[in-house]
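All remarks here apply to the structure that follows.
Because the structure is predicted, anything quoted here is derived from the model rather than measured. The residues of the chain are indexed from 1 along the displayed sequence.
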Amino acid sequence: MSHLIIAPVILPAVIGPLIILWMRNDLMLQRVFSIAGTALLAGVAIYLNALAMGGDVHVYRLGNWAAPFGIVLMLDRLSALMLLLTAVLALAVQLYAVGSGWDRKGRHFHALWQFQLMGICGAFLTGDAFNLFVFFEVLLIASYGLMIHGGGGMRLRAGVQYIAYNLAGSTLFLAALGVLYSVTGTLNMADMALRVAAMPAEDTALLRTGAVLLMLVFAVKAALVPLHFWLPSTYANAPGPVAALFAIMTKVGVYGIIRFFTLVFPQDAVIEGVVADLLLPAALFTLAIGQIGILGTRHLGRLAAFAAIGSIGTLMIAVAQFNPQGTAAAVYYMIHSTLAAGALFLIMDMIGARRGDLWLRLEQVMPGNGLVAALYFIAVIAVAGMPPLSGFIGKLLVMQATRPAPGMVWIWATILITSLIAIYALARAGSIVFWKSYELGPAPVPAPPAATGPKLEPDEPIQDLGDAPANWLAVASVLLLLSGIVALTALAGPALRLAEATAAQLHNPDAYVSAVLEAQEGTK
């Protein structure tokens, strides 16, 4: 039992309070300790991936208490991969926050950042359903503070909406856990899987109710239609680095669906009868609304937010197949979409910092137009799924995984048509920002917002944009994410083999369950 399994939770849990108690008045010290902590988290994640690549499931028993009475952390291929993806994204985005000056816009940015990482990493590692809820609340509480970092009326309004939606989701989560506990008598996921598998088919009605409630909870977190309304305003009004980190938060909801519906619930009793019938249509509508939203918006922040919704739709189409091929495609596309969404949000923030706002209207040419245009061009190729980058490969894998599906024609048509819409919408936005602005020169200066409150018209500039745009550190952080996409493309073969091995382990959960039972027997 490696004690480093708990390090992704303990490390930010220690650094966060130290920043508040010891470094609250020294921003430079906060930056050094916080970035060093995130870099150390990335190193630990690399080690844990090497540990998980052997195919074994590793169990960490807190207090040496046996499951299901004690809390366990579980490390397998999927959880190790998600830890590494979180650490890489967090490190790149945190460097951008320092380089762009966003961390100077409010108090306790770096402490909240560490608490956010604590919640995300704990959610990926926990083997207990109730502690998954606890880690959800930790990451959500930290995200509330990060969401309104820098202040401003529009940001505060979007933050209140974000809090309201997620509180409703948390309440639903508790209700789902209560139903499942009443049926199975346990909240340890491995123990629950054994008890669910032993239940007679005629006694699974309440179990199906709990499964659907749980799927709704994760659908709220993942922003699946029709539970996506909180995301566009939240991501568009959040500080750029915060929105980029939030790209991994929607994947926590996707992770929850994959984990529970491959481990806990038997396919013949729950998935095929209830969940799959709901999840696939929701995924198709999510993809369509996300890509059409890109076409319809005039705000670059909302454009990136709708692109994130569209990527969730594509990802969930693969997950909804509930077979190893679909899960492998989902794992590959999840890596791509997280890096691409994070890079796009950072690039949009760079554009806003240079132009003064994020509205799609004719402006004078901005400084450093060529550099930002090149970064935007690479990012939108990845987001739209155009060749040769990994988004194209990921969409091909998703389409290949849906070939046996009864609605294959509708699925393929939705993916292809919405991809064309996204290509057109992203190209149009780029031409307005980088080409038409240069040709037509400056637009009239907008009137300042009224003193009575924040305006809702598109003349209002985004509040508190970064004060050191596109310096070498900010550009380097964007290049780090884009280089990850390029590496995922160049190493598509090994990455796909890793995704297939991860999917095979997920769809054969005996090793996961037996690892918990062996830990239990070893403690007796």
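- Relative ring orientation between Tyr162 and Tyr144 is described as perpendicular, the plane-to-plane angle rising above 60° on a 0-90° scale split at 30° and 60°.
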- [ ] Begin with the C-alpha distance, continue with both residues' side-chain angles, and end with the deciding distance and a verdict on side-chain contact (heavy atoms from CB on, under 4.5 Å) for Thr209 and Val183.
- [x] CA-CA 10 Å; Thr209 302; Val183 175; over 6 Å; no
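- A distance-only check finds no donor-acceptor pair linking the side chain of Tyr512 to the backbone of Gln505 [under 3.5 Å].
- The minimum heavy-atom distance between Val513 and Ala193, with the atom names listed, is CG2-CB, 4.3 Å.
- Using a 4.5 Å cut-off on side-chain heavy atoms (C-beta onward), Pro8 and Thr86 make no contact.
- Not less than 6.0 angstrom separates the ring centroid of Phe229 from the ring centroid of Tyr165.
- When atom types are taken as modelled, the side chain of Lys251 and the backbone of Ala247 share a donor-acceptor pair closer than 3.5 angstrom.
- With hydrogens and angles left out, the side-chain atoms of Asp191 and Thr186 include a donor and acceptor closer than 3.5 Å.
- With contacts defined as side-chain heavy-atom distances shorter than 4.5 Å, the pair Leu498/Met53 qualifies.
- Judged by distance alone, with hydrogens and angles left aside, the side-chain atoms of Thr286 form a donor-acceptor pair with the main-chain N or O of Val225 at under 3.5 Å.
- Checking each of Ile292, Leu426, Leu416, Ile294 against Ile421 for a side-chain contact (heavy atoms from CB on, under 4.5 Å) leaves exactly one that passes, namely Ile292.
- Listed here is the closest heavy atom pair of Ile46 and Leu84: CG1-CD1, 3.7 Å.
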TODO: Determine, stepwise, if the pair Thr314 / Ser337 fulfils side-chain contact (heavy atoms from CB on, under 4.5 Å).
DONE: CA-CA 10 Å; Thr314 304; Ser337 62; over 6 Å; no
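- Taking CG of Leu284 as the start and CE of Met316 as the end, the distance is 11.0 Å to the nearest 0.5 Å.
- Distance check, rounded to the nearest 0.5 Å: OG1 of Thr126 to CG of Asn188 gives 8.5 Å.
- Side chain of Tyr255 to backbone of Phe124: a donor-acceptor contact under 3.5 angstrom is found.
- Although no hydrogens or angles enter the test, the distance criterion places no donor-acceptor pair under 3.5 Å between the side chain of Asp56 and the main chain of His58.
- Side-chain contact between Ser170 and Glu137: present, with at least one pair of heavy atoms (C-beta onward) separated by less than 4.5 Å.
- Taken to the nearest 0.5 Å, the OG1 atom of Thr234 stands 12.0 Å off from the CD1 atom of Ile148.
- In this structure, the side chain of Ser390 does not engage the main chain of Thr489 through any donor-acceptor pair within 3.5 Å.
- For Phe246 and Phe345, the gap between ring centers reaches or exceeds 6.0 Å.
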- [ ] Would you check, one step at a time, whether the test side-chain contact (heavy atoms from CB on, under 4.5 Å) holds for Met82 with Leu78?
- [x] CA-CA 6 Å; Met82 296 307 294; Leu78 180 62; 4.2 Å; yes
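- Atoms CG and CG, from Leu295 and Leu420 in turn, are 12.0 Å apart once rounded to the nearest 0.5 Å.
- Of the possible donor and acceptor atoms, one in the side chain of Gln116 sits under 3.5 Å from a partner among the backbone N and O of Ser143.
- Inter-residue side-chain proximity for Leu231 and Thr250 is flagged as met; some heavy-atom pair is nearer than 4.5 Å.
- At a threshold of 4.5 Å between non-hydrogen side-chain atoms, the residues Phe173 and Phe130 do not count as touching.
- The heavy-atom pair separating Cys121 from Val9 by the smallest distance is C-CG2, 4.4 Å.
- The two residues Ala13 and Pro17 have their closest heavy-atom pair at O-CD, 2.8 Å.
- Nearest heavy atom pair, residue Val383 against residue Ala307, reads CG1-CB, 3.8 Å.
- Looking at Arg259 and Ser79, their side chains come closer than 4.5 Å, going by heavy atoms from C-beta outward.
- Considering CG of Asn131 and CG of Leu73, their distance stands at 8.5 Å, rounded to 0.5 Å.
- In this structure the side chain of Tyr333 reaches within 4.5 angstrom of the side chain of His336, judged on heavy atoms.
- Here the NZ-CG distance, from Lys395 to Leu287, works out to 6.5 Å after rounding to the nearest 0.5 Å.
- Pairing each heavy atom of Thr402 with each of Gln321, the nearest pair is CG2-NE2, 3.6 Å.
- Listed for the Gln291 side chain is no donor-acceptor partner under 3.5 Å among the backbone atoms of Ser419.
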Task: Verdict with reasoning, Gln114 to Leu41, per side-chain contact (heavy atoms from CB on, under 4.5 Å) - done: CA-CA 10 Å; Gln114 294 299 321; Leu41 176 63; over 6 Å; no
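- By the 30° and 60° cut-offs, the orientation of the rings of Tyr235 relative to Trp230 is perpendicular.
- Judged purely by atom type and a 3.5 angstrom limit, Thr262 uses its side chain to pair as donor or acceptor with the backbone of Ile258.
- At a threshold of 4.5 Å between non-hydrogen side-chain atoms, the residues Val72 and Asp128 do not count as touching.
- Here the side chain of Ser311 pairs a donor or acceptor atom with the backbone of Ala308 at under 3.5 angstrom.
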